[in-house]
Amino acid sequence: MARPSEAITQQIESLRTTIELHNYRYYVLNEPTIPDAEYDRLFRKLQQLEQQYPELVTLDSPTQRVGATPLTEFFQFKHRTPMLSLNNAFEATEVEAFDRRLCEEIATHAIEYSVEPKFDGLAVSLVYEQGLLTVGATRGDGHTGENITHNLRTIQSIPLRLPLENPPVYLEVRGEVMILKADFIQLNQHQEKKGEKLFANSRNAAAGSLRQLDPSITAQRRLTFFAYGIGVLEPPSGTLKRHSDVMTYLVSLHFPIAKEHQIVQGPVGLLTYYQWMMEQRERLLYDIDGVVYKVNNLSDQIRLGFVSRAPRFAIAHKFPAQEAVTQLLGIDVQVGRTGTLTPVARLAPIFVGGVTVTNATLHNEDEIKRKQIMIGDFVIVRRAGDVIPEVVAIVPEQRSVNVTAFTMPDYCPVCGSHAVRLTGETITRCTGGLFCPAQRKQAILHFASRRAMNIEGLGEKLVDQLVDHAIIRTPADLYKLGIAALSQLARMAEKSASNVLYAIEHSKHTTLARFIYALGIRHVGETTAKDLARYIGQMDRLMMMNVEQLQQVHDIGPIVAESIVDFFAEPHNREVIEQLRVTGVHWDESQEVLEYMLNPEVQGKAFVLTGTLPNLTREAAKTLIEQSGGKVTNSISTKTHYVVAGADPGSKYHKAVELGIPVLDETALFDLLETQIIKPVS
DNA sequence: TTACCTCGAGCTCA
DNA sequence: CTCGAGGTAA
């Protein structure tokens, strides 16, 4: 094979630059300057040269958007700056309150806002190192998302490299992936022709496309990207002073942004923009579910900081929830884990807010009475984005004579036990306890759940069958299951049965905290279970404690203590625990020893985490602190003993300084905990 | 709450 | 081919 000459290298480079430029003109500006045929010719020429000189192929070449090999799994990606969500406003009054609060905070009476549509797609983060796209990831929980670089690379409006001579060392661009309305219609037509399933709405189609393991499928979907912010920029820029400067900067980097982006003044500006966008909505090329307001001045943004998971300097003003009318076919009564009877509306399927709604909770008896709902009524159903569907009201004019009233049953619909509603409460409860199959099923499901005993493969359908066939009655019975009992069930042939048995066996070795949580004691969630395990250390001790003793434990008050005592007063519960231990469920009860060894500087102290630590994930830092006897809480107060701050800390950092609380970085934390990093925790 | 993807495995029919 | 479980997203 011929060695590439200098001329060839240059020709390839110039072809790439030209093609990227036309890509930009076509996909971002929507103003192609050359005919498609000419573009194709350039593209083929580049492909041909790259074929001839494979050693010159680079990842940022426009020919390399679709990587050859499908993945086998997704990998996690940790965001350097967390991807936060926004607080929502639905009413003009909320927007005004937002503005008032900010004015007070930054002591001014007129705030300049940068405003833009709120895209209805999927938030992603794009990482550019030395100007090259290296990683693209989903939002995930805000701190850690999924690495979907292979799929994001197929999106033509995302630059593979930045058009700069001297690109920043590190840049994280935040934006949204969507499918344009027209492309969505086309995609569904295409799906229909192929006899494949139709997508319910454009957001689900975009989400589905991004979750493909094989990027060649993603490449066939016309996905679009719009940028709306920057996560990290290194080195920092001195010229970016306002959010609108950031947007201009993004444009200069050839990122598409919403044309409808504007700068407005004060609350009147915000609401005028809202009205305007509402009028524009139909005409837009993409789906939106509201507008976003951000304080334009970046130093004001920093000053305002964050509240828990959302910035205080921005808010999403959502469009009114979509509503539709449908018939209430019936009201089922569901039994929850604690025996609560919840009325659930069974609705004639209705398409509203992008999905088909068939159920909606009616909360409780009073709610139904208040709204005067009768079975057979036509009702207004409302749904907004991620908000749970709701029956707003009935349509009285459409009421027929055949409607029937709903009454809360006096007996549990599942087990027939008495259902009682205590005076002053709105909730009706089944008194059957674990005699009630519905409660038993959910108790077992909870026991097996990931955060409790983590028995993989024991899902709802299997538990249904096991309880219905009276194969098991309590969680303890799980450990007495044999292959014979299992394999008589539907969808439980040899392989599945042995997998489940293996998972059950595997779960026998657990921790005290998990075990306590798994019992499903009322008011004892994961955190309380951990506290109990840490402070009490032994199951037997826990079972003997009275209300007063329990309240000595941090964060346990009279209600929780009472609930724990009640649980263990029940002979049945003691019996189940005994059986679980007999069948081999075990954990380390050496907590006392551990506690003795704990550093008193850490033992029982409250830690607050903020910012991103270099090596530890938030989860890992939390576990580490807890293992050393400390507690991790979310909000900072005078009771906080230490604040652990990483890169880009939020407002908690400033508060810590204000309150004079010691601030630790990761190294100082390790020193305090006297632990060594063995390897970065993934 | 609904919808989507993926995987393993069971079921069905030729 | 279909189902259930598990995970993700809004």
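By convention in this document, chain letters (A, B, ...) are assigned in the order of the sequence lines, proteins followed by strands, and residues within each chain are numbered from 1.
- Annotation for A:Lys480: atom NZ counts as buried by contact number, over 12 foreign heavy atoms lying within 6.0 Å.
- Both A:Thr358 and A:Ser209 lie close to DNA chain B; mapped to their nearest nucleotides by heavy-atom distance, the more 5′-ward contact belongs to A:Thr358.
- Taking atom CG on A:Leu71 and atom C1' on B:dC7, their separation rounds to 15 Å, with Å as the unit.
- Taking 4.0 angstrom as the limit, A:Ser496 places a side-chain polar atom (N or O) nearer than this to OP1 or OP2 of B:dG10.
- Few gaps surround CD on A:Glu526; more than 12 heavy atoms of other groups in view lie less than 6.0 Å from it.
- Heavy-atom contacts from other residues, nucleotides or ligands closer than 6.0 Å to NZ of A:Lys181 number more than 12.
- For the residue pair A:His79 and A:Thr144, no side-chain donor N or O sits within less than 3.5 Å of a side-chain acceptor on the partner.
- Within 4.0 Å of A:Ile148, counting heavy atoms only, lies no atom of the nucleic acid at all.
- Across the protein-nucleic acid pair, A:Met492 atom CE and B:dC11 atom P stand 10 Å apart, rounded to whole Å.
- Ion pairing between a basic and an acidic side chain is recognised when a charged N comes within 4.0 Å of a carboxylate O; A:Lys441 and A:Glu460 show no such pairing.
- Listed nucleotides B:dC7, B:dT2, B:dG10 differ in distance to A:Asn359; the shortest reach to its side chain belongs to B:dT2.
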Per-nucleotide protein contact string for nucleotides 3-10 of chain C (B base, S sugar-phosphate only, - none; heavy atom under 4.0 Å):
BSSSSSSS
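- Residue contacts for A:Phe199: at a heavy-atom cut-off of 4.0 Å it reaches the sugar-phosphate backbone alone, with no base atom in range.
- If you take CZ of A:Phe74 and P of B:dC4, they are 16 Å apart, rounded to a whole angstrom.
- Distance, A:His150 NE2 to B:dC5 C1': 12 Å, rounded to whole Å.
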Run the numbers on A:Phe306 and A:Phe313 for side chain to side chain contact (heavy atoms under 4.5 Å, CB included), then give the verdict.
CA-CA 8 Å; A:Phe306 301 84; A:Phe313 54 79; 4.2 Å; yes
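- Annotation: of the two residues near DNA chain B, A:Pro389 and A:Ala205, the 5′-most nearest-nucleotide partner is A:Pro389.
- For B:dC4, neither phosphate oxygen OP1 nor OP2 lies less than 4.0 angstrom from any side-chain nitrogen or oxygen of A:Gln212.
- Using a 4.0 Å heavy-atom criterion, one finds that A:Asn499 contacts the sugar-phosphate atoms exclusively.
- Note: NZ (A:Lys495) to P (B:dC11) measures 15 Å, nearest angstrom.
- Here A:Thr361 lies out of heavy-atom contact (under 4.0 Å) with every strand.
- In this structure, A:Ser85 reaches neither bases nor backbone, as no heavy-atom distance under 4.0 Å exists between it and the strands shown.
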Residue pair A:Val357, A:Val355: steps toward the side chain to side chain contact (heavy atoms under 4.5 Å, CB included) verdict
CA-CA 6 Å; A:Val357 173; A:Val355 297; 4.2 Å; yes
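- The CG-C1' distance, from A:Asp214 to B:dT6, rounds to 13 Å in whole Å.
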